[in-house]
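Reminder, nothing fancy here: chain letters follow the sequence lines and each chain counts from 1.
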Protein chains: 2
Amino acid sequence: MNVEIAARQLEALGNVTRLEVYRTLVRSGPDGLAVGHLQQRLGVAASTLSHHLKYLVDRGLITQERQATTLICRAEYPAMNALIGFLADECCADTRLAGAPALPAGARK
Amino acid sequence: MNVEIAARQLEALGNVTRLEVYRTLVRSGPDGLAVGHLQQRLGVAASTLSHHLKYLVDRGLITQERQATTLICRAEYPAMNALIGFLADECCADTRLAGAPALPAGARK
DNA sequence: ATGGTATTTTTATGAATGTCGAAATAGCGG
DNA sequence: CCGCTATTTCGACATTCATAAAAATACCAT
């Protein structure tokens, strides 16, 4: 994980529609959700949704698998884990794990 | 923390220049860094930097404090913590804390 | 006040985004 | 093969973004 990749993934999540899509997929668990179901649930135009899904696939945040005519979308959990890891390690203090303060300049990497 | 705010903050970090700025500030610790130092270190035009800093302040990711002629910028750690918390809780499995699998659909909220 | 350094605002411009309807494609079921 | 459903591609459009030079502002030191 480097800054460029992280930025691209953060950017992908930095749009309400896409973030909702992604969140919905994550919460749907490993079974994923068909594009059509996503479309119904989020109420966005199919073409817009398709556009955003491509975006998310491109950046490795979700995967798609054909099942007959429908396309199943799934969150790519390792990607999110890596991204959170980047934010926590490269950028941030651990937080929520403990009350540890931010690491001082140059303490890592 | 809601989806709109999270998306705005993620978007703010979803640009290489801003992510570098932010990362630099986080790693500079609580003392922060002057705009000028950031500018020198990152080699971006002052006006561009100022633009991005405003962006980050707007979204609550950093704060600024005047000290004589120089403006000290600091990462707003709680904001990042909340954002990571959102990603972990609302969106994602915990990861890195344990090997726990993603929460199944509807397990939360 | 004057000069100097630090930072922002203004202004400009090219590029990318977000959105959607309409048309095109893909692939099953019969 | 045909029709049907699912999804994508193709314009089109308005909006926002990223960048930076130039001018303006802020504030200290003298």
Side-chain angles (χ1 to χ4, degrees), chain A residues 3-25 28 31-76, chain B residues 3-25 28 31-76:
Chain A
V3 178
E4 278 78 21
I5 293 179
R8 278 172 64 82
Q9 295 189 337
L10 289 166
E11 183 197 11
L13 298 176
N15 166 275
V16 175
T17 303
R18 276 194 305 265
L19 187 54
E20 300 259 38
V21 167
Y22 185 74
R23 187 166 70 135
T24 303
L25 287 180
S28 296
D31 287 347
L33 219 56
V35 173
H37 288 162
L38 268 173
Q39 200 255 310
Q40 271 184 285
R41 188 175 306 187
L42 300 178
V44 63
S47 56
T48 303
L49 179 59
S50 180
H51 168 71
H52 285 311
L53 287 173
K54 193 163 122 189
Y55 210 101
L56 290 168
V57 170
D58 248 29
R59 283 153 176 76
L61 288 170
I62 69 172
T63 59
Q64 295 181 311
E65 182 199 351
R66 192 123 234 148
Q67 269 183 21
T69 44
T70 74
L71 233 200
I72 303 295
C73 307
R74 293 192 183 85
E76 181 73 7
Chain B
V3 178
E4 278 79 20
I5 292 177
R8 279 172 63 83
Q9 295 188 338
L10 289 166
E11 184 198 11
L13 298 176
N15 168 276
V16 175
T17 303
R18 276 192 305 263
L19 187 53
E20 300 260 37
V21 166
Y22 185 74
R23 187 166 68 135
T24 303
L25 287 181
S28 295
D31 286 346
L33 218 57
V35 174
H37 289 163
L38 268 172
Q39 201 256 311
Q40 269 185 286
R41 188 175 306 188
L42 300 176
V44 64
S47 57
T48 302
L49 179 59
S50 179
H51 167 71
H52 285 310
L53 288 174
K54 194 163 122 188
Y55 210 100
L56 290 168
V57 169
D58 249 29
R59 284 154 176 77
L61 289 170
I62 69 172
T63 59
Q64 294 181 312
E65 183 199 350
R66 213 134 223 127
Q67 268 184 22
T69 44
T70 75
L71 234 199
I72 303 295
C73 306
R74 293 192 183 86
E76 181 73 7

Discussion item. What verdict does the side chain to side chain contact (heavy atoms under 4.5 Å, CB included) test give for Leu38(A) and Leu25(A), after you've listed the backbone C-alpha separation in whole Å, the side-chain angles of each residue and the deciding distance to 0.1 Å?
Written reply: CA-CA 8 Å; Leu38(A) 268 173; Leu25(A) 287 180; 3.8 Å; yes
Worksheet item: Could you give the CD-to-P distance, from Glu11(A) to dT16(D), as a whole number of Å?
Response: 16 Å
Practice prompt. Specify the separation, in whole Å, of atom CD of Gln67(B) and atom P of dC28(D).
Written response: 12 Å
Fill in: Residue of the set Leu71(A), Thr70(A), Val21(A), Ile72(A) for which side-chain contact (heavy atoms from CB on, under 4.5 Å) holds with Val35(A)
Leu71(A)
Discussion item. Treating Gln9(B) as the side-chain partner and Gly60(B) as the backbone partner, does any N or O pair qualify as donor plus acceptor under 3.5 Å?
Written reply: no
Worksheet item: Looking at Asn15(B), does any N or O in its side chain come under 4.0 Å of the phosphate oxygens OP1/OP2 on dA18(D)?
Response: yes
Worksheet, complete the sentence: Assign each of Tyr55(B) and Ala45(B) the nucleotide of DNA chain D bearing its closest heavy atom; nearer the 5' end lies the nucleotide of Tyr55(B)
Worksheet entry | Nucleotide interval of DNA chain C bounded by contacts with chain B (heavy-atom cut-off, under 4.0 Å) | dA6(C) to dT9(C)
Discussion item. Closest approach to the side chain of Ala68(B), judged atom by atom: which nucleotide of dC17(D), dC28(D), dA20(D) is it?
Written reply: dC28(D)
Worksheet item: How far apart are the closest heavy atoms of Tyr22(A) and Ile62(A), and which atoms are they?
Response: CD1-CG2, 3.8 Å
Side chains of residues 39-58 of chain B: which donor-acceptor partners sit under 3.5 Å, not counting sequence neighbours?
| residue | atom | partner | partner atom | Å |
| --- | --- | --- | --- | --- |
| Gln39(B) | NE2 | Val44(B) | O | 2.9 |
| His52(B) | ND1 | Arg18(B) | NH1 | 3.1 |
| Tyr55(B) | OH | Glu11(B) | OE2 | 3.4 |

Worksheet entry | Atom pair OG1 (Thr17(A)) and CD (Glu20(A)), whose distance is rounded to the nearest 0.5 Å | 7.5 Å
Worksheet item: How would nucleotides 1-13 of chain D be written as a contact map, 5' to 3', with B for base contact, S for sugar-phosphate-only contact and - for no contact, using protein heavy atoms under 4.0 Å?
Response: -----SSBB----
Response to the item:
Here the salt bridge (Lys or Arg N to Asp or Glu O under 4.0 Å) pairs for residues 62-74 of chain B, sequence neighbours left out, are Glu65(B)-Arg74(B)
Worksheet entry | Residue list, side-chain contact (heavy atoms from CB on, under 4.5 Å) with Ala7(A), at least two apart or on another chain | Val16(B), Leu19(B)
